[in-house]
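Throughout, protein chains are lettered first and strands after them, A, B, ... in sequence-line order, and every chain is numbered starting at 1.
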There are 2 protein chains.
Amino acid sequence: MVVKHSHKECTSSLQAVRDALDVVSGKWKLQIIISITTGNHRFREIQRSIPNISSKVLAKELKDLEEHELIKRTVYDDSPVLVEYTILPYADTLDDVIKALYDWGIQHRKKILKK
Amino acid sequence: MVVKHSHKECTSSLQAVRDALDVVSGKWKLQIIISITTGNHRFREIQRSIPNISSKVLAKELKDLEEHELIKRTVYDDSPVLVEYTILPYADTLDDVIKALYDWGIQHRKKILKK
DNA sequence: CATATTGGTAACTTTAAGGTAACTGATTAC
DNA sequence: GTAATCAGTTACCTTAAAGTTACCAATATG
């Protein structure tokens with residue numbers, strides 16, 4: 001466990017874990033990151049690439065990701081306005097987190113299913 | 001990112017990430033694991049150690065954790081019935097996940113706050 | 001005898017996330 | 001001239017998770 005220490009130490013470190021989970025969990029965030037990473041940069045492009053996501057939810061999630069500095073929103077003020085979303089280098093810092101989750105998820109599914 | 005590969009590969013690996021998040025995310029799961037790890041083994045003990053958790057939620061979360069084989073529920077059939085919850089060794093396999101989340105959470109909070 | 005503790009369960013209410021549909025105003029395509 | 005596309009916003013509705021309250025039967029405590 002994160003802790004062989006005191007309960008207090010443990011619970012205080014929970015905030016950090018929760019912060020990370022905020023960014024990474026939820027139904028859409030990783031899908032959106034993947035979509036942009038794989039070449040979709042316009043709002044409607046991203047939306048079309050992710051089955052069943054609504055404009056409303058996509059708009060909100062994009063805002064969240066932008067606040068967390070994982071993606072960048074650039075407005076090119078031609079007419080009609082053009083908006084582009086790109087992945088920021090900071091998003092790469094999530095690699096370890098995602099890899100850890102992925103690895104554990106894979107082995108866990110094997111373990112639970114083989115019973 | 002997890003992926004420099006195709007969109008399809010990415011999205012397929014999402015299930016593993018989601019599996020892991022199911023186990024680790026949520027308001028209570030880690031708090032309960034911590035509580036048991038630090039010496040609370042009885043239902044009411046655990047409940048008292050975690051502020052504001054209701055019997056209902058605790059009972060449900062304990063069942064989840066048991067299904068995932070992270071904890072063990074043992075009933076000693078004395079009268080009155082005694083129930084004991086203990087951490088299984090399998091819970092230790094979560095260490096890497098929690099550490100990755102923790103590390104990222106710490107640095108992320110620093111980064112967002114110093115702005 | 002009354003009250004508290006044990007490990008929960010049942011019924012009900014609240015909250016939050018997400019879904020649905022319609023709409024914007026400017027521009028292009030048919 | 002009608003419809004579609006762009007990037008969203010708004011108001012409303014549904015659903016699931018979580019919280020609230022009360023309760024159980026057995027035992028121990030004062």
Engineer: What does K56(B) touch in the nucleic acid at a heavy-atom separation under 4.0 angstrom: a base, only the sugar-phosphate, or nothing?
Structural biologist: base

Engineer: Quick one: does E84(B)'s side chain get under 4.5 Å of R73(B)'s, heavy atoms only?
Structural biologist: no

Engineer: Please pick, from dA7(D), dG19(D), dT20(D), the nucleotide with the shortest atom-to-atom distance to any side-chain atom of V57(B).
Structural biologist: dG19(D)

Engineer: Rounded to whole Å, how long is the line connecting atom CG of L62(A) with atom C1' of dG18(C)?
Structural biologist: 16 Å

Engineer: What integer distance in Å separates E84(A):CD from dC6(D):P?
Structural biologist: 14 Å

Engineer: How many Å lie between CG on D64(B) and C1' on dG8(C), as a whole number?
Structural biologist: 16 Å

Engineer: Less than 4.0 angstrom between a side-chain N/O of Y76(B) and OP1 or OP2 of dT6(C), yes or no?
Structural biologist: no

Engineer: Among the candidates dT6(C), dG8(D), dC6(D), find the nucleotide nearest to the side-chain atoms of R42(A).
Structural biologist: dC6(D)

Engineer: How long is the line joining CD of Q47(A) and P of dA21(C), in whole Å?
Structural biologist: 14 Å

Engineer: Please determine whether a side-chain nitrogen of the Lys or Arg among D22(A) and R18(A) lies less than 4.0 Å from a carboxylate oxygen of the Asp or Glu.
Structural biologist: no

Engineer: Kindly indicate whether a cation-pi arrangement holds for K72(A) with Y85(A), taking the cut-offs as under 6.0 Å to the six-membered ring centre and within 45° of the axis.
Structural biologist: no

Engineer: Using atom NZ of K60(B) as one end and atom C1' of dA17(D) as the other, report the distance to the nearest whole Å.
Structural biologist: 7 Å

Engineer: Between dG7(C) atom C1' and I36(B) atom CD1, what is the distance in whole Å?
Structural biologist: 14 Å

Engineer: Can you tell me how far OG of S49(B) sits from CD of Q31(B), rounded to the nearest 0.5 angstrom?
Structural biologist: 8.5 Å

Engineer: From C-beta outward on Y85(B), which listed nucleotide comes closest to its side chain: dG8(D), dG8(C), dG19(D)?
Structural biologist: dG8(C)

Engineer: What is the distance, to the nearest angstrom, from the CD atom on E61(A) to the C1' atom on dG8(D)?
Structural biologist: 15 Å

Engineer: Nearest whole Å is fine: how far is dA18(D) P from L58(B) CG?
Structural biologist: 13 Å

Engineer: Which listed nucleotide (dG18(C), dT9(C), dA7(D)) is nearest to the side chain of A59(B)?
Structural biologist: dT9(C)

Engineer: So, are E61(B) and K29(B) salt-bridged, with charged N and O less than 4.0 Å apart?
Structural biologist: yes

Engineer: Looking at R44(A) and dG8(D), is any side-chain donor or acceptor paired with a base atom of the opposite kind under 3.5 Å?
Structural biologist: yes

Engineer: OP1 or OP2 of dT9(C) versus the side-chain N and O atoms of K63(B): is any pair under 4.0 Å?
Structural biologist: yes

Engineer: Nearest to the R73(A) side chain among dA18(D), dG8(C), dG8(D), which nucleotide is it?
Structural biologist: dG8(D)

Engineer: Look at R48(B) and dT6(C) and indicate whether a side-chain polar atom (N or O) is within less than 4.0 Å of OP1 or OP2.
Structural biologist: yes

